[in-house]
Amino acid sequence: MSGGYTYTTIAARREKPTKITVSFYLDEDAWIVVPGAGTGSPHLAIEHGDVTVRVAPRSDAITHADAVIARRLADHAAEYAAEIERLAPQQAEDTGPTAA
């Protein structure tokens, strides 16, 4: 298995908006946590090497709209996890037939 990596691209063209993309190809060194849980200022943090992304509500006055956005993020993360689990080779298949 190859190691993970993270990179950022910036595409700027004449008369077009600048587009910035950060891509995380995570491995076991990725750190994913929710700092501030239980304090009234939660945010999702993903760190990989020297690159960090934080996802948080717009302000300290958290609204129902913020909850809807967080739920949408969670739903898509669950869908992503299910797809990865579906595509991952199963350990039993990798080791071949087992002894009876």
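Quick note: residue numbers are just sequence positions, from 1.
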Checklist entry - If you look at every heavy atom in T52 and F24, which pair is closest and at what distance? => result C-CZ, 4.5 Å
Checklist entry - Looking at CD1 of I46 and CH2 of W31, how far apart are the two atoms once the value is rounded to the nearest 0.5 Å? => result 11.5 Å
Checklist entry - How does the hydrophobic cluster around I84 look, that is, which other residues are in it when side-chain heavy atoms under 4.5 Å mark a link? => result Y80
Checklist entry - Do V33 and V55 share a hydrophobic cluster (ILVMFWY, side-chain heavy atoms under 4.5 Å, transitive)? => result no
Checklist entry - OH of Y5 to CG of L26: how many Å apart, nearest 0.5 Å? => result 11.0 Å
Under 3.5 Å, side-chain donor or acceptor atoms of residues 6-19 against the rest of the protein: list the pairs with distances, not counting sequence neighbours.
| unit_1 | atom_1 | unit_2 | atom_2 | d |
| --- | --- | --- | --- | --- |
| T6 | OG1 | H48 | ND1 | 2.9 |

Checklist entry - Among all residues two or more places apart in sequence or in another chain, which pass the side-chain hydrogen bond (donor to acceptor under 3.5 Å, both in side chains) test with R54? => result none
Item to check | Under the side chain to side chain contact (heavy atoms under 4.5 Å, CB included) test, residues paired with A56 that sit two or more places apart | outcome: H43
Next on the checklist: Under the rule for side-chain hydrogen bond (donor to acceptor under 3.5 Å, both in side chains), what residues qualify as partners of E83, not counting sequence neighbours?
Outcome noted: R86
Item to check | Heavy-atom closest pair, residues I62 and P42 | outcome: CD1-CD, 4.1 Å
Residues 63-79 side chain polar contacts: donor-acceptor under 3.5 Å, at least two apart:
| unit_1 | atom_1 | unit_2 | atom_2 | d |
| --- | --- | --- | --- | --- |
| T63 | OG1 | A65 | N | 3.3 |
| T63 | OG1 | D66 | N | 3.3 |
| T63 | OG1 | D66 | OD2 | 3.2 |
| D66 | OD1 | R58 | NE | 3.4 |
| D66 | OD1 | R58 | NH2 | 3.3 |
| D66 | OD2 | T63 | N | 2.9 |

